[in-house]
Structure formats: C-alpha cells, structure tokens
Trainee: 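Structure in structure tokens, see below.
Worth knowing before you read on, the calculation uses all heavy atoms, side chains too, and leaves out hydrogens, waters and symmetry mates. Since we're looking at a predicted model, the values are computed, not measured.
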Amino acid sequence: MAQKEEPQSLWSVTARYSGLGLQWALSVLLFTTGGWWVDGWLGVAPLFTILGAFVGGGAGFYSFYVHLVVEPRMEREKESE
C-alpha cells in the first residue's frame, strides 16, 4: 500500500525550480561563452557562439526533462515494487 506524500512547503518548491532555472541559464551562458571563445580562436564570427547557445539550451532542457519527468517516474516505479 502506498503512503501519501506530505505536501512540500512553498520555499522547498521555489528553491527546487529556481535551481533548475539557474542551471538552465548557466548552461546556456557557459556554452555560449565557450562558443564565443572558439570563434575568437578560429576567427569565424558568430558560428560557434550560436551553436553553443543552442547546445546549452538543449543541455538545459535535457536537465529539466530528467529532473521533472524521469526521476519522479523512477521513484514511483521504485515505490511500487
């Protein structure tokens, strides 16, 4: 028999989602900055900067997906065993 979960506090939920948002923003910033550095090193203007922004956005989205979809699903499956 599954136990009922206690409701999470507002601060707990706010901290969790703020952390995910910061992780996404820093991912985009890090990859964009890396692309900018590679552009300067190779001398090809915004190619790698734009590519880095998209890769960072994709990495941030993947992190969202794992934390918001995959982990809760795995926890539910683990509890049902």
Trainee: Of all heavy-atom pairs between Trp24 and Gly57, which one has the smallest distance, and what is that distance?
Mentor: NE1-O, 3.5 Å
Trainee: Take Arg16 and Leu68 through the test side-chain contact (heavy atoms from CB on, under 4.5 Å) and record every step on the way to the result.
Mentor: CA-CA 10 Å; Arg16 178 178 181 204; Leu68 298 177; 4.0 Å; yes
Trainee: Just verifying a value: how many Å separate Tyr17 OH and Phe64 CZ, rounded to the nearest 0.5 Å?
Mentor: 10.5 Å
Trainee: Could you state the interatomic distance from OH (Tyr62) to NE2 (His67), rounded to the nearest 0.5 Å?
Mentor: 10.0 Å
Trainee: Decide side-chain contact (heavy atoms from CB on, under 4.5 Å) for Val38 and Leu51; before the verdict, give the C-alpha distance in whole Å, the side-chain angles of both, and the deciding distance to 0.1 Å.
Mentor: CA-CA 11 Å; Val38 171; Leu51 184 63; over 6 Å; no
Trainee: How long is the gap from CZ on Phe54 to OG1 on Thr32, to the nearest 0.5 Å?
Mentor: 10.0 Å
Trainee: Assigning hydrophobic clusters by single linkage (Ile, Leu, Val, Met, Phe, Trp, Tyr; side-chain heavy-atom cutoff under 4.5 Å), is Val44 placed with Trp37?
Mentor: yes
Trainee: Can you measure from OG1 (Thr14) to CH2 (Trp11) and round to the nearest 0.5 angstrom?
Mentor: 6.5 Å
Trainee: If you measure from CG on Leu22 to CG on Leu29, what distance do you get to the nearest 0.5 Å?
Mentor: 11.5 Å
Trainee: So, for Phe48 and Leu42, which heavy atoms are closest and what is the spacing to 0.1 Å?
Mentor: CE1-CD1, 3.7 Å
Trainee: Are Met74 and Val69 linked, directly or through intermediate hydrophobic residues, by side-chain heavy-atom contacts shorter than 4.5 Å (ILVMFWY only)?
Mentor: yes
Trainee: Distance from Glu79 atom CD to Arg76 atom CZ, nearest 0.5 Å?
Mentor: 9.0 Å
Trainee: I need the minimum non-hydrogen distance between Pro72 and Val66, along with the two atoms involved.
Mentor: CD-O, 4.4 Å
Trainee: For the backbone of Gln23 and the side chain of Ser27, can you confirm whether one donor and one acceptor N or O come within less than 3.5 Å of each other?
Mentor: no
